[in-house]
Amino acid sequence: MPDSGGLEFELRRMQPSDLPEVLSIERQSFSHPWIESTFQGEMQNRGISHPIVAVSGPGGRLIGYVLYWLVGDEMQINNVAVHPEWRRRGVAERMLRAVLEDAKDGGAAFAVLEVRESNTAARTLYEKKLGFGFLAVREGYYSHPDEAAIVLGLPL
Ligand SMILES: CC(C)(COP(=O)(O)OP(=O)(O)OC[C@H]1O[C@@H](n2cnc3c(N)ncnc32)[C@H](O)[C@@H]1OP(=O)(O)O)[C@@H](O)C(=O)NCCC(=O)NCCS
């Protein structure tokens, strides 16, 4: 993958041996993290779910992941995180651009996601960099802490 931030990585499907690294990033990234069985279920859901990891370097260090569903012509992005040590180097933006392209190739016409209202990093990435637009507010959608979700969409 071309490297704009001094960091090269490859994308591949998440596998069970990735779980310790994925769970570590997940717990460092979210106040209400997904649990192991949730990721296991997604890995087994081969028809719909696309859990994708970014790995870098000879040892294949896992630096981030994105998980989306492809249902009919809709891509639903359900989880995105980058290891805290590797943030602000364009990893999330490049991962997302790659999976948006893959989903489009797989028949998606529209991408949708939910984001915490106060998540400036993610909202700047989706809205300013990737061109997602506002669709709706879901009040009280998140817990720990309670917060609204902003629903964003992007025609592909
Ligand atoms: C949101 C997240 C995935 C971004 O990952 P990242 O690899 O650091 O993002 P990138 O380096 O690709 O950033 C791309 C752009 O997004 C915006 N952005 C990213 N982090 C930002 C921050 N902390 N503050 C403001 N803007 C930010 C910037 O516009 C950035 O471009 P720039 O660096 O040229 O200014 C990462 O911060 C993360 O894992 N957060 C915790 C989990 C999370 O909130 N996931 C999203 C749930 S909806």
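In listed order, ligands and their atoms are each counted from 1. Computed from heavy atoms alone, side chains included, the values below leave out hydrogens, waters and symmetry copies.
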Peer 1: What part of Asn119 sits under 4.0 Å from ligand 1 if we count only heavy atoms: the side chain, the backbone, both or neither?
Peer 2: side chain
Peer 1: Give me the nearest non-hydrogen protein atom to atom 20 (N) of ligand 1 as residue plus atom name, then the distance to 0.1 Å.
Peer 2: Arg88 CD, 3.2 Å
Peer 1: Looking only at protein heavy atoms, which one is nearest to atom 18 (N) of ligand 1, and what is the separation?
Peer 2: Ala121 O, 3.7 Å
Peer 1: Provide the number and element of each atom of ligand 1 under 4.0 Å from a heavy atom of Arg89.
Peer 2: 11 (O)
Peer 1: Side chain or backbone of Arg87 under 4.0 Å from ligand 1, or both, or neither, by non-hydrogen atoms?
Peer 2: both
Peer 1: Check whether any side-chain N or O of Arg123 sits under 3.5 Å from a backbone N or O of Glu117 as a donor-acceptor pair, and report yes or no.
Peer 2: yes
Peer 1: Consider every N or O of Phe30 and every N or O of ligand 1, then say whether any pair is closer than 3.5 Å.
Peer 2: no
Peer 1: Would you mind reporting whether Glu114 and Tyr141 have side-chain heavy atoms less than 4.5 Å apart?
Peer 2: yes
Peer 1: Tell me the protein heavy atom at minimum distance from atom 13 (O) of ligand 1, and give that distance in Å.
Peer 2: Leu125 CD1, 4.4 Å
Peer 1: Please could you name the atoms of ligand 1 that Ser29 approaches to less than 4.0 Å, counting only its heavy atoms?
Peer 2: 41 (C), 42 (C)
Peer 1: Answer with side chain, backbone, both or neither: which part of Tyr126 has a heavy atom less than 4.0 angstrom from an atom of ligand 1?
Peer 2: side chain
Peer 1: Flag Glu114 as yes when one of its N or O atoms lies below 3.5 Å from any N or O atom of ligand 1, and as no otherwise.
Peer 2: no
Peer 1: Below 4.0 angstrom from a heavy atom of Thr124, which ligand 1 atoms are there? Numbered from 1 as shown, please.
Peer 2: 17 (C), 26 (N), 29 (O)
Peer 1: Working to the nearest 0.5 Å, report the span between CG of Leu19 and CD of Glu36.
Peer 2: 5.0 Å
Peer 1: Is there a side-chain hydrogen bond (donor to acceptor under 3.5 Å, both in side chains) between Tyr65 and Glu26 once you walk through the steps?
Peer 2: CA-CA 9 Å; Tyr65 49 88; Glu26 178 77 11; 2.6 Å; yes
Peer 1: Hey, is Asp18 close enough to Arg12 for a salt bridge, meaning N to O under 4.0 Å?
Peer 2: yes
Peer 1: Quick one: does any side-chain atom of Glu147 pair with a main-chain N or O of Ser118 as donor and acceptor, under 3.5 Å?
Peer 2: yes
Peer 1: How far is atom 39 (O) of ligand 1 from the closest protein heavy atom, and which atom is that?
Peer 2: Val82 N, 2.9 Å
Peer 1: Closest by any non-hydrogen atom to atom 34 (O) of ligand 1: pick that one out of Lys128, Lys129, Arg123.
Peer 2: Lys129
Peer 1: Please say whether Trp86 places an N or O atom under 3.5 Å from an N or O atom belonging to ligand 1.
Peer 2: no
Peer 1: If we ignore hydrogens and angles and just use 3.5 Å, is the side chain of Arg87 paired with the main-chain N or O of Val82 as donor and acceptor?
Peer 2: yes
Peer 1: Does the pair Arg97/Glu93 count as a salt bridge with the N-to-O cut at 4.0 Å?
Peer 2: yes
Peer 1: Would you give the length of the straight line joining atom CD of Glu10 to atom CD1 of Ile63, rounded to the nearest 0.5 angstrom?
Peer 2: 11.0 Å
Peer 1: With heavy atoms under 4.0 Å as the rule, classify the contact between Arg116 and ligand 1 as side chain, backbone, both or neither.
Peer 2: neither
Peer 1: Tell me which protein heavy atom sits closest to atom 5 (O) of ligand 1, plus the residue, atom name and distance to 0.1 Å.
Peer 2: Ala92 CB, 3.1 Å
Peer 1: Quick one: does Glu127's side chain have a donor or acceptor within less than 3.5 Å of a partner on Phe132's backbone?
Peer 2: no
Peer 1: Need the ligand 1 atom indices (1-based, order shown) with element for anything under 4.0 Å from a heavy-atom of Gly90.
Peer 2: 10 (P), 11 (O), 12 (O)
Peer 1: Examine Val115 against ligand 1 and note whether any of their N/O atoms are separated by less than 3.5 Å.
Peer 2: no
Peer 1: Considering non-hydrogen atoms of the protein only, which is the closest contact for atom 45 (N) of ligand 1, and what is the distance?
Peer 2: Val80 O, 2.8 Å
Peer 1: Does the plane of the ring in His144 sit parallel, tilted or perpendicular to the ring in His32? Use 30° and 60° as the thresholds.
Peer 2: tilted
Peer 1: Do any nitrogen or oxygen atoms of Ala81 lie less than 3.5 angstrom from nitrogen or oxygen atoms of ligand 1?
Peer 2: no
Peer 1: Side chains of Trp34 and Glu42: any donor to acceptor distance under 3.5 Å?
Peer 2: no
Peer 1: What distance separates Ser49 OG from Arg13 CZ, expressed to the nearest 0.5 Å?
Peer 2: 6.0 Å
Peer 1: List every atom of ligand 1 that sits less than 4.0 Å from any heavy atom of Glu93, numbering the atoms from 1 in the order shown and giving each element.
Peer 2: 12 (O), 14 (C)
